[in-house]
Amino acid sequence: MFLVSSLLAGILFGVSTYLILQGSFVRILFGFILIANAANLVFLAMIGDPRGRAAPVLAANEGLPMTDPLPQALILTAIVIGFAVSAYFLFLLYRIFLDWKTTDAVDLFKKSKPTDV
Amino acid sequence: MNTPQTSIIFSRVALVVFFIANVVAIYLLLRGHNYPGGGFIAGVATAVSIILLSFVSGVETLHRFFRFDPIRIATVGLLIAVIAGCLPLFLGLPYLTTFNYKWYDVPVIGELYLGTPLLFDVGVYMVVVGVVVKTVFILMTSTFNLTEVMKEEASLYASPLEEPIEEHPVVGSDVFEKEAAAEAARKNLNR
Amino acid sequence: MQVIFPLLIPLLTAILGLLAIRSSAGRRLFFAASAGGQLLFSLWLLASVFSSGSQVMYLGGWSAPYGIVLVADPIAAIMVVLVCLTAFSCILYGFQETSIRNEHPLRLPLIQFLVLGLNLSFLTGDLFNLFVAFEVMLLASYALLTLEADDWDVRQAFPYLAINLFGSAFLIALCAFAYGLFGTLNFAHIAVRAQEMSGEPLLVAFGMLAMLVFGIKAGLFPLYYWLPNAYPIMPIALAALFGGMLTKVGVYVLLRLFGTILPHDMDLLYVVLAWLSAATMFFGVLGAASRPYIRGILSFHILSQVGFMMLAITFMTPFAFAAAILYMAHNIIVKSGLFLVGGAVMVLNRTDKLENTGNLWVRTPVLGVGFLLLALSLAGIPPLSGFWGKYMIIVAGFTAGEYVLVAIAIVTGLLTLFSMLKIWMGSFWQSKESVPVVTSDRRWIPMTVIVGGLTVISLIIGLLPEFFIQMAMTAAEGLLDKDAYIRLVLGDLP
């Protein structure tokens, strides 16, 4: 299980890096959303087996396997933060699109600002 | 801006779903302390239901209904959450220390379990509702106004390397004509 | 109990400022009063940390390795004071720079959120909270960066955002690795576990990843291109706050990580970091020498000085750490002051392009004196504050036998002097017939007063070095003394 999730995280990191290095805004946005998910998956992989193990504390459902809840709580936090940042990024790209009428990152830096008076 | 044209089935169903979604949201909010659920997910449920309403009645109608910026809900929610954390400071306890109390024989409800974590969750709930609604409303208003522009500037939405994002090409645009021409050519070939 | 207030006061200020205050003048008054109060409060925290020992708060009453913990040890208290000082002077300066009608109503609340994120990242005692603090700080900084940017400048936010999103993803991955390696995220608990694992190659890999993440935040050599383009697009008051504080968070975390958390035997990491920081300081100062704008020059200088601090970290002795802390404190004050001088030049000459500025020494000698003291201090001329930090770093370098690195540091110091003299010649000393000096614009007088205040603080550090070096030594010993930190946070648990 650990091997599978690490492989998946690696592939996601690779794909998202490829997407980020493209010129198009949409692909860059998708790349960043994907890389946040890849990082979260790394966290999830650290639990080990997602089916869980016997818990060291006695609870109502005694004997049933439990997973480590801490990484899940942390991932939830990371997802919320990632959501906020993605929303901001989407708005920034949208504003750049409205100002520059382009969706290509390369076009942005072709012209230099006319120097101030 | 005109209200978006929707079918009567959709608008009726959306109203019903709005109430169901909010009941679920409150359920999630209340059970959040000890079971899966909580302020964030409840907030998302409510926000989605409000967005659904905005599909029916349009963003401006909802704005008239709310009469204030949704971001103020978020700010009030943040204040509530911070205050919930601050309460124990007055007793000399660390920030975020929780107080809970359980009543065993409340009429009608039975058992009632309340505490400062619930107050905190309500704060989170309001923050999420406010922020999500605000974000989506801004994007919706800006894209609604842009639909007229899109015919001329459709090519700007996608870089030359990739296909247009819209599945349904605008009638009269080049894409549509090209596809029609290709279709006609294919028919000719088949014949 | 005092630990929580550097976080609560900015947060409540921002919320109340957003909710309750309608008039612009009232908002300004409220936020300025709050920032002043925060400064006084942080000084009180500093005094009590130095007189009666470090403070710990276990949030929610959960004991240390299980819950969230806030730690105010000497270095954290010093950094909090510096944050409050910079924020206070930049807020006051912003009132002069932007007229009350042009000020964006969200600017002041966002500055408070930025201060919240900065304070939390200094006070936090666990790795994941550090990530949260970074995100609070970065979200506020994204918003401030684009709040008042025009159509041309808004594109510069794109690389800034991109590199920081990338860094944040790796920071989550770093937390994940820490959790997988050590089974905990608490700094003190990680320190215990890491000492047991001392010498394992996985620790070096962890350190490398940490260096990448915090190197991005601090602007380390190959990862700095976003910084000098992004900072100049902001209003000067904000650029001063960003330039003073934001990169230093990365330096602080590396100090904490290498000093307190990881074992002290990772020579490979120190060598890599030393050469990267040498490259950072050298290329940073070369970039500064090439820029024609005051703001551009100063933005590149941030990188160069980050290189100095990083270099000091790699020597891993209390003396070198004290040098890094002293240099960081000096640099935060002086760098903010220099940015603010740049703003005054922009008011007086209507531009900060060096070709089109001049005549300021004749017309406004007070501002000239302020600039000269700050600039020479930045270059490290003897009796001024920059000299002591730089001198200590170089002494530490000689003690460690790293002569090449020390030579690079000295050359960098000379080039710093050169580029500071470039501003001095271009804006102050040269008399140009065609350049107008708009002294009728009265904004420059209060601006000069604020610059003067920062200059006086820098002079005090320079002229009474013993007190401050002693303070930095205490902080450095606190950073390097793992056992004391572990006992402070975990009690007698291990």
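For the numbers below, each heavy atom of this structure counts, side chains included, while hydrogens, waters and symmetry mates do not. Letters A, B, ... mirror the listed sequences (proteins, then strands); counts begin at 1.
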Derivation and outcome, side chain to side chain contact (heavy atoms under 4.5 Å, CB included), residues A:Val42 and C:Ile172: CA-CA 8 Å; A:Val42 175; C:Ile172 301 178; over 6 Å; no

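Contact between C:Tyr179 and A:Phe43 at its shortest, heavy atoms only, is CB-CE2, 4.2 Å. For the residue pair C:Ala169 and A:Ala39, the shortest heavy atom distance occurs at O-CB, 3.3 Å. Closest approach of A:Ile81 to C:Glu135, counting heavy atoms only: CG2-CG, 3.4 Å.
In this structure, the portion of A:Ile28 lying under 4.5 Å from any heavy atom of chain C is its side chain and not its backbone. With a 4.5 angstrom heavy-atom cutoff, A:Ile20 touches chain C only via side-chain atoms. With a 4.5 Å cut-off on non-hydrogen atoms, A:Leu108 touches chain C through its backbone and its side chain both. Both the backbone and the side chain of A:Phe89 come within less than 4.5 Å of a heavy atom of chain C. Heavy atoms closer than 4.5 Å to chain A are found in the side chain of C:Phe131, but not in its backbone. Contact annotation for C:Asn164: neither backbone nor side-chain heavy atoms come within less than 4.5 Å of a heavy atom of chain A. Both the backbone and the side chain of A:Phe109 come within contact range of chain C, each with at least one heavy atom under 4.5 Å from a heavy atom of that chain. For A:Leu74, the parts lying near chain C are the backbone and the side chain together; criterion is any non-hydrogen pair under 4.5 Å.
The greatest number of non-hydrogen atom pairs below 4.5 Å with chain A, out of C:Gly183, C:Ser168, C:Ala162, is found for C:Ala162. Comparing C:Phe177, C:Phe158, C:Phe170 by heavy-atom pairs within less than 4.5 Å of chain A, the highest count is held by C:Phe158. Most heavy-atom pairs under 4.5 Å with chain A: of the set C:Leu165, C:Leu185, C:Leu174, C:Leu171, this distinction falls to C:Leu165.
To the nearest 0.5 Å, atoms CG (A:Leu92) and OH (C:Tyr160) are separated by 12.0 Å.
Of the possible polar contacts, one joining the A:Tyr88 side chain to the C:Tyr142 backbone as a donor-acceptor pair under 3.5 Å is found.
Other residues, nucleotides and ligands contribute more than 12 heavy atoms inside 6.0 Å of the CZ atom of A:Phe91.
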